[in-house]
Amino acid sequence: MIIARIDSHWNKIAVRRIRACIPDQIANCYRRACRGPGCAPETRRDRPDGKHNVMPARIAHLSLLVPDYDAALDFFCRIGFECREDTELGDGKRWVRIAPPGGDAEILLARAVGDRQTATIGEQGGGRVWLFLETDDFARDYQRLEAAGVTFETLPRDEPYGRVVVWRDPWGNRWDLIEHTRSDRNGTGN
């Protein structure tokens, strides 16, 4: 097939003939950027300038459904998060970004609207721990969470990768508070 695309590296429009991956290479395409002869050049890892053309560099935000902005903001500030932005967008919608002090990734608090979103409050992880709060002082932050009244599902325990406890926020989302043993955050401890 013929497609037109904007080649941002060369800053021009290029028309290229792109062939689909041949069947035995499809599995490789899903596992990593394809390097096969039939794959689109823009999916390959190496570009002429030596950069990788696979994905953007970082995850900036993830949204957390909550029933009320103010209650969520109050809770997260009590456990030590900072509010980085709280902007009114009209019609009762706000852009509320929170994060632990010094953290790069941010949580965007999203007020649930409608039955479908309301039903998923506290269930975004499908019952699994899906949020991981990393600390450099487990005892300090465990006490802070305890004082804020969070529900702990387990006792603190030592694993090969670090010290960890599972807790729930007021809406039922499951979190790990974790202090990694290794600076590289290797989850296997090897």
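- Gln124 and Trp130 form no side-chain donor-acceptor contact under 3.5 Å, judged by distance and modelled atom types alone.
- Looking at Glu179, its side chain does come within 3.5 Å of a backbone N or O of Phe138 through a donor-acceptor pair.
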**OP:** Begin from the C-alpha positions of Arg94 and Asp70 and carry the test salt bridge (charged side-chain N to carboxylate O under 4.0 Å, His left out) through to its verdict.
**Re:** CA-CA 10 Å; Arg94 290 160 52 185; Asp70 292 324; 3.1 Å; yes

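- A pairwise comparison of heavy atoms in Ala99 and Glu106 identifies CB-CG, 4.0 Å as the closest pair.
- The aromatic rings of Trp171 and Phe76 lie parallel to each other, their planes meeting at an angle below 30°, with 60° marking the opposite boundary.
- Proximity of a side-chain donor or acceptor of Arg78 to a complementary backbone N or O of Ala148 within less than 3.5 Å is detected.
- Taking CD1 from Ile59 and CG from Asp104, the interatomic distance works out to 12.0 Å, rounded to the nearest 0.5 Å.
- Summarising the geometry, atom CH2 belonging to Trp167 is positioned 6.0 Å from atom CG belonging to Leu133; distances are rounded to the nearest 0.5 Å.
- Hydrophobic clustering, with ILVMFWY side chains joined whenever heavy atoms are under 4.5 angstrom apart, keeps Phe152 apart from Phe132.
- Of all the heavy atoms in His61 and Trp95, the pair that sits closest is NE2-CZ2, 4.4 Å.
- Under a hydrophobic-cluster definition in which Ile, Leu, Val, Met, Phe, Trp and Tyr are linked whenever side-chain heavy atoms come within less than 4.5 Å, directly or via other members, Leu145 and Phe75 are assigned to the same cluster.
- Across Thr135 and Asp137, no two heavy atoms sit closer than the pair OG1-N, 2.9 Å.
- Closest approach of Ala72 to Leu109, counting heavy atoms only: CB-CD1, 3.8 Å.
- For Arg111 (side chain) and Gly92 (main-chain N/O), a donor-acceptor pair under 3.5 Å exists by modelled atom type.
- At a threshold of 4.5 Å between side-chain heavy atoms, the hydrophobic network of Ile, Leu, Val, Met, Phe, Trp and Tyr places Ile107 and Tyr69 in one connected group.
- The residue from Val166, Val164, Val165, Leu177 that alone fulfils the side chain to side chain contact (heavy atoms under 4.5 Å, CB included) condition with Pro156 is Val165.
- No chain of hydrophobic side-chain contacts below 4.5 Å, direct or via other Ile, Leu, Val, Met, Phe, Trp or Tyr residues, connects Leu108 to Leu73.
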